[in-house]
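One structure is given below, encoded as C-alpha cells.
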Amino acid sequence: MSNQELVKILYEMAVLLEIKEVAFKPQAYERAAYSIESFGEDVAEIYKKGGLKALEDIPGVGQGIAERIEEYIKTGRIADYEKLKKEFPVDISGLMEIEGVGPKMVKKLYQELGIKNASELEMAAKAGKLEKLEGLGEKSEERILKSISFLRQSQGRFVLGFILPTVRKIVDSLRALPEVKRAEFAGSIRRMQETVGDLDILVISNKPSKVMDFFMKMPEVQEIIAKGQTKTSVRLNIGMDADVRVLPPESFGAALQYFTGDKYHNIALREIAIKKGYKLNEYGLFKGEKLIAGKTEEEIYKKLGMELMEPELRTNHGEIEAALTGKLPKLIGYDDLKGDLQVQTDWTDGENSIKEMAEAAKKQGLEYILITDHTKSLAMTGGLDEKKLMKQMVEIDKVQKQVSGIKILKGSEVNINKDGTLDIDEETLAKLDVVGAAVHSNFNMPEADMTARIIRAMENPNVDILFHPTGRIIKRREPYKLDMDKVIKAAKRTKTVLEIDAFPDRLDLKDEHARKAVGDGVKLAIDSDAHSAGHFKFLEFGIAQARRGWAEKKDVINTRPWEEMLRSLK
DNA sequence: GCCGTTTTCGGCCCGACTGTTTTCAGTCG
C-alpha cells in the first residue's frame, strides 16, 4: 500500500460524503488526505512503528480515520469506502478533475444520466444530453467539453521553471501601464511550487476597467473565460489560466496574503483571526466593520501575533506555529549560492565547452563550478572512461589558465551500477575534487534492492554527493522505489551530501525530503544540472525547492567559498 | 470526523463569478 493510494481513497470519501450531504465530515476527510499527501512519510511505516497512536499524531487524523487507515493497511480495503462506492459506483477522481464538475454535478450526472466517468460524460455532452438537465444549459455543456479536452492535453499542471519567464513578462507589462500603481503575482507561483495550476495577478489601480481591457488584449491571452468588475479570467496561449484582480491600495497586502497562502494556510489563519475576534478576507483584517490591517502582509501577520513568513512556507506545515513562537527558519536566500556542483559539457551530453560553461557561470555571479560529465556506462551520452577523465582534468587545468574570476573544479557524475559499485575505478575517483554519483539504469528494481544499491554507493569514501536522489522527472517519470528514510540516515552516517537537482522538471530531492534531510543534519547541494550555458538560471528553482524544505544557508554546502566547501566533504 | 491558550462539547473559512432557478446553488481558489 502506498500513501498515494490511501490519499486518493480519502479524497474520494470526502467527495462521496459531500454528495450524500453529510455535514463536516467531508472537510475532515479532505484535510486528512491533504495532510498525508504532503507528510512525506510512509503511513504504513508509521503504523508499523507506532500503531494507531502514531497515526493519530498525523495532523487532521483522529481516531476514526486512524482506524480506517489501520483497516486499509491490514486488509487492503476500507469497508465504509466500499459501501459509499456501491451507492455511487463512479470514477470520482476522474470526474472531479474536470473543471466545473464538483460533488453536486457528479451526483446529478450519475442519478439522471448514469454517467460514471469522464469519457461517458464527454459522450453525453457531445450528444447534447447535459443541457436538458435542470440547472444546466448549453454553456455548461460547452464548458465541460472544453475542460475535458484541455485536461487531456495538459494534465492540468505546469512546471514552474518552464512558465515563469512568461509570467514575469506579463506582470512586467502590467507594471508598465500608467494606470497601474503596483502589480504582483501571487498563488502557487509566488510560493514557487514545483508545478503550478494557474496564475493570479494582483493589481493596484484606480482604473480597473483600463487594466482589464489591456490585460484581455495582451498577445499572451488566447481567450477570455470570465470578466467582472474586479476580476478577469483568461486562458493564456501557453495553456494556463490567469486571473487578474484589481484592488484598492488599503487592501493590497490582504489580497497578497489571501492569494499567496495555500488553502490550508489561509483556513488556519482565518481561524486564528476569528479567535482574536477579527474577520480576515482578501480585503483586510476587520474588527466588526472596521479595517484594522490590510495595506501590507506584514501588518496582518503582526496583528495575528505572527512574524511575516516567506511565501514558500505558506502551506500550513508548521510555519504558523513557528511564526507564532518566533521560530521561523532563516531560509537560504536566492543570492546565497557561490558555486554549482553539477555541470555537463560537450565532453558528453552538454552543448557547450568547459570554457563556455565557466564563463556563463561567472556571468551568473558564481565563483566556482564543478565539471561533472557522465561516465562510461552511460553510452548514449558518450560517457567518459578513466582515460578520458584523466584527459579532461588536464584540459580543465588548461582552461583554468584562460579564465579569471571563476574556479573550475574537477568532478564527475559517476554511474551507480546495479550492485551499488561505480563504473569508474577508485584510483581515478580519488583524483577528482568532488564526485557525484547517480543512478541512470535499472530504474525498476524493488525498493529494498534500490535502497541497498544507493546506500552502498554512498558508503564509498570517494562519493561526496548523491545526485538527483530519486530519479523522478515531473510529469514524465515516477521516482524509483526508494526508502528515503534509510537513504537520509545513510547520508548522515556516511557524510554524503544529498543534491537538490534544480532542473525545472527534476527538482529532486522533493521539498519534504529536503526538509527531512535538513532536520536530520544532512547537508544539501543545489545544482543546476546545466547542459548548456543558459541553464545556470535554473538554480533559482533549486533554491526555491530548498526554501520549501526549510533549508537555511548553513545547510547547503555550495553557499560556501570553494576551499571551505571542499574541506566540508568527507 | 477533528480539535482545543475560550471549549472534551460544540463549533467547523470566505467571497467572486457563472448560469440560469428571477433570488440562488454550484464551483473555484
Side-chain angles (χ1 to χ4, degrees), chain A residues 10 13-15 17-19 21-35 55-69 80 95-109 130-144 147 156 186-191 196-202 208 224-234 241-247 251 254-255 257-286 305 316 321 324-325:
Chain A
L10 293 176
M13 286 183 79
V15 177
L17 290 164
E18 178 96 46
I19 287 173
E21 288 168 52
V22 177
F24 302 113
K25 289 188 191 185
Q27 295 92 301
Y29 274 91
E30 197 189 330
R31 192 170 165 236
Y34 171 79
S35 179
L55 291 178
E56 285 180 45
D57 285 342
I58 301 170
V61 176
Q63 196 188 348
I65 293 179
E67 280 170 4
R68 285 171 178 82
I69 296 173
D80 282 350
L95 284 168
M96 288 284 292
E97 65 182 2
I98 298 166
E99 221 181 309
V101 177
K104 297 286 155 61
M105 180 88 84
V106 170
K107 181 181 185 179
K108 185 177 283 180
L109 291 171
L130 296 192
E131 59 177 298
K132 299 202 176 73
L133 294 181
E134 203 183 323
L136 291 174
E138 211 175 314
K139 289 199 173 169
S140 327
E141 198 165 71
E142 264 174 44
R143 191 165 61 123
I144 283 171
S147 300
S188 52
I189 303 183
R190 185 161 178 247
R191 292 199 307 276
V196 298
D198 61 7
L199 165 62
D200 294 304
I201 302 172
L202 308 179
I224 289 107
I225 297 168
K227 179 177 177 273
Q229 292 279 310
T230 61
K231 177 184 162 183
T232 294
S233 300
V234 303
D241 290 351
D243 291 347
V244 164
R245 292 165 200 261
V246 180
L247 302 138
S251 298
Q257 189 288 310
Y258 183 95
F259 290 108
T260 298
D262 86 345
K263 183 178 172 181
Y264 297 90
H265 177 90
N266 286 344
I267 287 174
L269 229 57
R270 288 197 284 269
E271 283 171 355
I272 289 171
I274 289 168
K275 278 184 190 145
K276 289 188 180 288
Y278 303 140
K279 185 180 76 164
L280 179 63
N281 59 28
E282 63 260 57
Y283 299 110
L285 186 65
F286 294 88
N316 196 21
E321 293 76 3
L324 283 168
T325 51

When you compare the ring of A/Phe24 with the six-membered ring of B/dC12's base, are the centres less than 5.5 Å apart and the planes under 30° from each other?
yes
Under 4.0 Å, counting only non-hydrogen atoms across every strand here, what does [X] touch: a base, just sugar-phosphate, or nothing?
| X | value |
| --- | --- |
| A/Glu134 | nothing |
| A/Lys104 | sugar-phosphate |
| A/Glu30 | nothing |
| A/Leu10 | nothing |
| A/Leu17 | nothing |
| A/Val22 | nothing |
| A/Pro103 | sugar-phosphate |
| A/Gly135 | base |

Dump the intermediate steps for side-chain contact (heavy atoms from CB on, under 4.5 Å) on A/Ile224 and A/Val234, then the final yes or no.
CA-CA 4 Å; A/Ile224 289 107; A/Val234 303; 4.2 Å; yes
When the distance from [atom1] of [X] to [atom2] of [N] is rounded to whole Å, what number comes out?
| X | N | atom1 | atom2 | value |
| --- | --- | --- | --- | --- |
| A/Ile272 | B/dC3 | CD1 | C1' | 14 Å |
| A/Lys25 | B/dG11 | NZ | P | 18 Å |
| A/Gln27 | B/dG29 | CD | P | 17 Å |
| A/Leu202 | B/dG29 | CG | C1' | 12 Å |
| A/Glu18 | B/dG26 | CD | C1' | 10 Å |
| A/Lys107 | B/dA25 | NZ | C1' | 13 Å |
| A/Asn266 | B/dG29 | CG | P | 14 Å |
| A/Met96 | B/dT27 | CE | P | 8 Å |

Dump the intermediate steps for side-chain contact (heavy atoms from CB on, under 4.5 Å) on A/Phe259 and A/Arg245, then the final yes or no.
CA-CA 10 Å; A/Phe259 290 108; A/Arg245 292 165 200 261; 3.3 Å; yes
If you measure from the [atom1] atom in [N] to the same atom in [M], how many Å do you get, rounded?
| N | M | atom1 | result |
| --- | --- | --- | --- |
| B/dC3 | B/dT7 | C1' | 10 Å |
| B/dG15 | B/dG10 | C1' | 26 Å |
| B/dG1 | B/dT5 | P | 23 Å |
| B/dC17 | B/dC12 | P | 26 Å |
| B/dC28 | B/dT20 | P | 16 Å |
| B/dT6 | B/dG11 | C1' | 12 Å |

If pairing means Watson-Crick or G-U wobble with both distances under 3.5 Å, then the partner of B/dT8 is none
Where the side chain of A/Arg31 is concerned, which of B/dC2, B/dT27, B/dT6 is the nearest nucleotide?
B/dC2
Between B/dT7, B/dT20, B/dC28, which one does the side chain of A/Glu99 approach most closely?
B/dC28
Assign each of A/Glu141 and A/Val106 the nucleotide of DNA chain B bearing its closest heavy atom; nearer the 5' end lies the nucleotide of A/Glu141
Nearest-nucleotide wise, let me know which of A/Lys108 and A/Arg68 is further upstream toward the 5' end of DNA chain B.
A/Arg68
Return the polar atom pairs (N/O with N/O) between nucleotides 14-18 of chain B and the protein under 3.5 Å, or none.
residue	atom	partner	partner atom	Å
B/dC14	O2	A/Tyr258	OH	3.2
B/dG15	OP1	A/Lys279	NZ	3.0
B/dG15	OP1	A/Asn281	ND2	3.3
B/dA16	OP1	A/Tyr283	OH	3.1
B/dC17	OP1	A/Thr230	OG1	3.4
B/dC17	OP1	A/Lys231	N	3.2
B/dT18	OP1	A/Lys227	N	2.9

Side-chain heavy-atom pair [X], [Y] within 4.5 angstrom cut-off:
| X | Y | answer |
| --- | --- | --- |
| A/Leu130 | A/Leu109 | yes |
| A/Val101 | A/Val106 | yes |
| A/Gln257 | A/His265 | yes |

Considering only residues two or more places apart or on different chains, which pairs with a residue in residues 96-109 of chain A satisfy side chain to side chain donor-acceptor pair (under 3.5 Å)?
A/Glu21-A/Lys107
Under the side-chain hydrogen bond (donor to acceptor under 3.5 Å, both in side chains) test, which residues partner A/Arg68, sequence neighbours left out?
A/Tyr29, A/Asp80
Donor-acceptor pair, side chain of A/Ser35 and main chain of A/Arg31, under 3.5 angstrom:
no
As a quick check of understanding, evaluate salt bridge (Lys or Arg N to Asp or Glu O under 4.0 Å) for A/Lys231 and A/Glu282, giving each step before the final call.
CA-CA 13 Å; A/Lys231 177 184 162 183; A/Glu282 63 260 57; over 6 Å; no
